[in-house]
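Presented below is the structure to which this report refers.
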Amino acid sequence: MNSKLDNVLLNIALNLSANLANKQHYQHLIDGIDQVFPCDASALFILDKQGLLTPVAVKGLSPAVLGRRFYPQAHPRLEAIMASKQPVRFNADSPLPDPFDGILLNEQQTIDIHDCLGCSLYVEGQLVGVLTLDSLTVGAFDDIETVAIETFAALAAATLRNIAQFNALKDQNKKQKSLTNTLIQQARSQQGEMVGISPVMQRLRTNIATVAKSDYAVLISGETGTGKELVAHEIHAQSARADTPMIYVNCAALPEGLAESELFGHVKGAFTGANSHRAGKFELADGGTLFLDEIGELPLLLQAKLLRVIQQGELQRVGSDQHLHVNVRIIAATNRQLETEVELGHFRADLYHRLNVFPIFVPSLRERHDDIPVLAGYLLEKVRHQFNIPNLHIHPKVLSMLEAKSWPGNIRELEHTLTRAALRAIQDEQKTITNQYFDLPPTTDVKNTSRFFPEQSQPMRQLVEDYQKQLIEHTLEKTNKNWSKSAEFLQMDRGNLYRMGKKLGIK
């Protein structure tokens with residue numbers, strides 16, 4: 001081996017015992033491969049318990065790949081690599097489709113891969129992952145010594161083994177295989193994953209990990225569609241209560257007149273229709289977590305009773321004089337500005353401070369544009385699976401277009417937009433989703449087009465009031481003249497919005 005290869009192998013070996021994050025371990029390995037072998041792209045996959053290959057580090061490929069999950073049966077080359085304990089080389093004339101055709105980092109054209117080399121990764125006889133190298137050059141891997149490839153494969157397997165063992169040590173005390181835990185995991189799996197590699201997402205994960213182990217109340221805030229419920233599930237999953245249920249309550253959907261019964265339960269005969277005793281959400285969550293979504297919509301009367309349960313851990317069913325004690329961890333979420341609601345008298349200050357022990361803010365999509373390629377790859381996986389089109393992917397120019405949008409509806413809007421575009425591409429029997437399949441308005445330069453940046457001197461107050469008037473009129477038009485929905489859209493109090501509209505002359 002030459003000195004360059006020796007240095008790369010030494011650095012990877014030293015990193016095996018270094019205190020690095022999993023992502024750094026994986027990326028160091030891929031970076032080392034890029035320095036030694038004549039490849040234009042490389043990828044490291046982990047094989048999960050469901051038999052799916054998950055990319056954990058890539059080089060020379062679109063970052064959207066990191067959001068994907070690969071079914072080996074749908075990708076013949078990956079299946080062939082997994083079936084062999086020796087390195088597998090695919091020549092330029094191989095009839096097997098390459099899973100990365102068309103998604104190398106090049107925005108000018110769609111590029112097909114000419115040569116491919118892959119290694120299966122084993123730890124103590126068990127297949128744990130796959131390493132792939134791709135090149136645009138014909139015969140690029142013909143002169144590579146097998147021992148060099150096998151050395152990197154062994155180091156890659158050792159990296160996966162070390163990380164797996166470390167994670168196993170952290171989880172060894174958790175209860176396994178119980179029926180309750182199985183049901184909880186099934187419910188949790190339907191929530192999806194927290195996908196993102198941007199700094200703001202890393203901070204969000206750090207905040208979650210910090211508070212999850214405690215029993216403190218958590219208040220999650222953020223715009224609609226940012227994934228506040230997913231954050232709540234992640235906090236519960238990392239908590240000491242992970243083996244117990246997390247009960248969900250949508251405070252905005254609690255039926256008027258029955259909201260107290262829904263939360264605290266009732267006894268037989270407490271009101272018309274109460275034909276039997278019934279436990280409320282707090283009793284169902286005893287020992288676990290209660291997630292109060294849209295907490296800002298809770299009526300003031302119920303806020304006072306909720307505060308009592310949080311402070312003293314006891315409740316009364318409707319119609320009963322008996323006190324019941326519960327041990328519940330509270331996680332609440334809202335898209336309202338609760339500080340403003342407190343000032344307006346719409347939310348109790350004492351309840352707000354009880355819930356706001358550890359606030360977590362979920363960033364909007366416009367604050368994490370770097371995550372859009374990864375999110376796009378992840379969100380389209382459902383379409384790929386449902387239509388059995390494993391090689392459906394997004395053109396790099398589309399990713400740039402998506403990153404330029406503001407996404408007021410956040411991840412929910414991005415998912416719906418991608419799904420529509422994917423279905424249109426499928427209708428045209430295309431596997432590459434290009435700009436033509438999107439119905440997004442073009443991005444304009446507000447500095448050049450908005451009349452609110454005048455060329456001549458004008459009073460700022462008048463300009464601001466003109467903008468406010470047009471904004472309110474625009475929102476009312478979108479909501480069919482509904483002031484309540486307009487106030488919700490603009491994230492402000494309905495009364496304040498109405499008074500502002502009246503002052504501006506809006507009927």
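- Among residues at least two apart or in separate chains, ring-ring contact (aromatic ring centres under 6.0 Å, His included) pairs with a member in residues 470-507 are Trp483-Tyr498.
- For Asp48, the salt bridge (charged side-chain N to carboxylate O under 4.0 Å, His left out) criterion is met by no residue, not counting sequence neighbours.
- Other residues, nucleotides and ligands place more than 12 heavy atoms under 6.0 Å from the NE2 atom of His323.
- The closest donor-acceptor contact from the side chain of His346 to the backbone of Glu341 lies at 3.5 Å or more, if one exists at all.
- Scored by the salt bridge (charged side-chain N to carboxylate O under 4.0 Å, His left out) test, Glu314 finds Arg308 as partners (sequence neighbours excluded).
- Of the N and O atoms on the side chains of Glu223 and Thr226, not one donor lies less than 3.5 Å from an acceptor on the other residue.
- Listed by first and then second residue, the ring-ring contact (aromatic ring centres under 6.0 Å, His included) pairs that reach into residues 288-321 are Tyr248-Phe291, sequence neighbours excluded.
- Ser406 and Arg366 form no side-chain donor-acceptor contact under 3.5 Å, judged by distance and modelled atom types alone.
- Ring pair Phe282/Phe264 is parallel by interplanar angle, where below 30° counts as parallel and above 60° as perpendicular.
- For residues 196-205, the side chain to side chain donor-acceptor pair (under 3.5 Å) pairs, not counting sequence neighbours, are Ser198-Asp371.
- Using a 4.0 Å cut-off between charged side-chain N and carboxylate O, Lys405 and Glu413 make no salt bridge.
- Here NE2 of His353 is found 11.0 Å from CG of Leu338. Values are rounded to the nearest 0.5 Å.
- Under the side chain to side chain donor-acceptor pair (under 3.5 Å) criterion, Arg348 pairs with Asp350, not counting sequence neighbours.
- Formation of a donor-acceptor pair under 3.5 Å by the Arg384 side chain with backbone atoms of Leu392 is found in this model.
- Note on ring orientation: taking the six-membered ring where Trp is involved, the planes of Tyr352 and Phe347 are perpendicular (angle over 60°, cut-offs 30° and 60°).
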